[in-house]
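Heads up: the structure comes next, in structure tokens.
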There are 2 protein chains.
Amino acid sequence: MDKTLEILKAISDRSRLRILMLLYIRPLCVCEIQDVMQITISTVSKHLSILKNVGLVSDEKDGKWVNYFLNKDTQDTILQQVVLMLPMWLSGDREIENDKMKVINVDRIQICSTNLA
Amino acid sequence: MDKTLEILKAISDRSRLRILMLLYIRPLCVCEIQDVMQITISTVSKHLSILKNVGLVSDEKDGKWVNYFLNKDTQDTILQQVVLMLPMWLSGDREIENDKMKVINVDRIQICSTNLA
DNA sequence: TCTTAATTTCGTTATATAACGAAATGAGAA
DNA sequence: TTCTCATTTCGTTATATAACGAAATTAAGA
């Protein structure tokens with residue numbers, strides 16, 4: 001039950017659901033997610049590590065950024081089903097839709113430069 | 001997202017997962033669940049109210065007892081899928097299997113009498 | 001090598017929630 | 001109505017966890 005519980009707890013958080021739904025669109029770096037969600041970078045990073053620990057998300061170096069992406073082709077049955085269900089369970093949600101609109105226009109180069117200014 | 005989150009949080013708890021899995025077997029009263037799980041009656045009652053609030057469980061008066069039962073024929077799509085998935089996600093779990101063994105021999109009349117002694 | 005910049009980790013604070021025991025509730029039986 | 005007893009509610013305590021800012025880390029590029 002531990003594994004199942006760990007997965008369920010990982011997806012039982014508003015911020016992490018938002019992050020996951022963003023990752024359905026495309027891989028994102030921490031600062032892009034931060035820009036869309038308007039929460040601290042350290043908080044985003046923490047959420048991503050939780051999602052990574054349960055296997056829902058993986059990461060990959062890309063220049064000076066770290067790309068986080070949804071683990072769509074996981075071998076784990078529970079994770080497979082979770083990845084399949086979440087978009088259905090959250091379809092039409094306002095907050096999610098709003099996030100998705102925002103992420104389209106997000107450019108990591110601009111964001112990271114802007115953060116310094 | 002609120003509704004989805006509420007359901008996810010309801011099933012992201014070890015005690016509530018154990019309770020749900022017991023209710024797959026048959027309707028149970030609070031004291032029967034208490035006897036199997038060895039936690040306080042008030043705690044069991046609280047968990048059941050959470051499960052009831054999200055629609056996973058319903059209750060029904062039966063003499064001096066209240067029977068709680070799994071809402072297997074819910075109209076809610078998310079709940080339907082949760083009810084379908086949980087037994088798969090928890091199949092073979094030791095703690096759950098142990099609970100199931102215990103609940104077979106549970107008799108509410110004996111328990112409630114015994115509790116007083 | 002040194003600097004820069006994205007990310008992670010750490011320490012703290014605030015909030016949420018699980019569990020308990022005691023008291024209140026409420027329905028059936030006398 | 002009064003008593004009994006299963007259940008719920010309340011108040012408290014302990015633990016878990018989300019969020020933040022600052023400091024540490026780490027890798028890329030000069």
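In this text, all values refer to a predicted model and were calculated from it rather than measured experimentally. Here is how names work: the chains are called A, B, and so on, in the same order as the sequence lines, proteins then strands, and each is numbered from 1.
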Inset, instruction - Mind checking A:Ser49 for me? I need base, sugar-phosphate or nothing, with any heavy atom below 4.0 Å counting as a touch. - result: nothing
Inset, instruction - Give the rounded distance in Å between these two atoms: CD1 of B:Ile19 and P of C:dA18. - result: 11 Å
Inset, instruction - Going by the salt bridge (charged side-chain N to carboxylate O under 4.0 Å, His left out) test, name the single residue among B:Lys100, B:Lys102, B:Arg14 that passes it with B:Glu95. - result: B:Arg14
Inset, instruction - Could you state the atom-to-atom distance from CD of A:Gln34 to C1' of D:dA19 in whole Å? - result: 13 Å
Inset, instruction - Assign B:Arg16 to base, sugar-phosphate, or nothing according to its heavy-atom contacts below 4.0 angstrom with the strands shown. - result: sugar-phosphate
Inset, instruction - Rounded to the nearest angstrom, tell me the gap between atom CH2 in B:Trp65 and atom C1' in D:dT8. - result: 18 Å
Inset, instruction - Taking only the side-chain nitrogens and oxygens of B:Thr43, find out if one of them lies under 4.0 Å from OP1 or OP2 of C:dA19. - result: no
Inset, instruction - Report the distance from atom NZ of B:Lys61 to atom P of D:dT7, rounded to the nearest whole Å. - result: 8 Å
Legend entry - 5′-ward residue of the pair A:Ser12/B:Leu48 relative to DNA chain D: B:Leu48
Legend entry - Sugar-phosphate, base or nothing in reach of B:Lys46, heavy atoms under 4.0 Å: nothing
Legend entry - Of the listed nucleotides C:dT7, D:dT8, D:dA18, the one nearest the side chain of B:Tyr68: D:dT8
Legend entry - Rounded distance (Å) that lies between atom C1' of D:dT26 and atom CG of A:Asp59: 13 Å
Legend entry - Salt-bridge criterion met for B:Lys9 and A:Asp13 (N-O under 4.0 Å): no
Legend entry - Upstream residue (5' side of DNA chain D) when A:Lys64 and A:Thr40 are each assigned their closest nucleotide: A:Thr40
Legend entry - Length of the CZ-P vector between B:Arg14 and C:dT17, whole Å: 18 Å
Legend entry - Minimum side-chain heavy-atom gap B:Leu28-B:Leu22 below 4.5 Å: yes
Legend entry - d(CD, A:Glu60; P, D:dT26) in whole Å: 20 Å
Inset, instruction - Indicate whether any N or O donor in one side chain lies under 3.5 Å from an N or O acceptor in the other, for A:Asn67 and A:Arg108. - result: yes
Inset, instruction - Could you verify whether a donor N or O on one side chain and an acceptor N or O on the other, from B:Trp65 and B:Glu32, lie under 3.5 Å apart? - result: no
Inset, instruction - Measure from NE2 on A:His47 to C1' on D:dT17 and round the result to the nearest Å. - result: 10 Å
Inset, instruction - Side chain of B:Ser45 only, please: which of D:dT8, D:dT17, C:dT7 is the nearest? - result: D:dT8
Inset, instruction - Tell me whether the OP1 or OP2 atom of C:dC10 has a side-chain N or O from A:Ser42 closer than 4.0 Å. - result: no
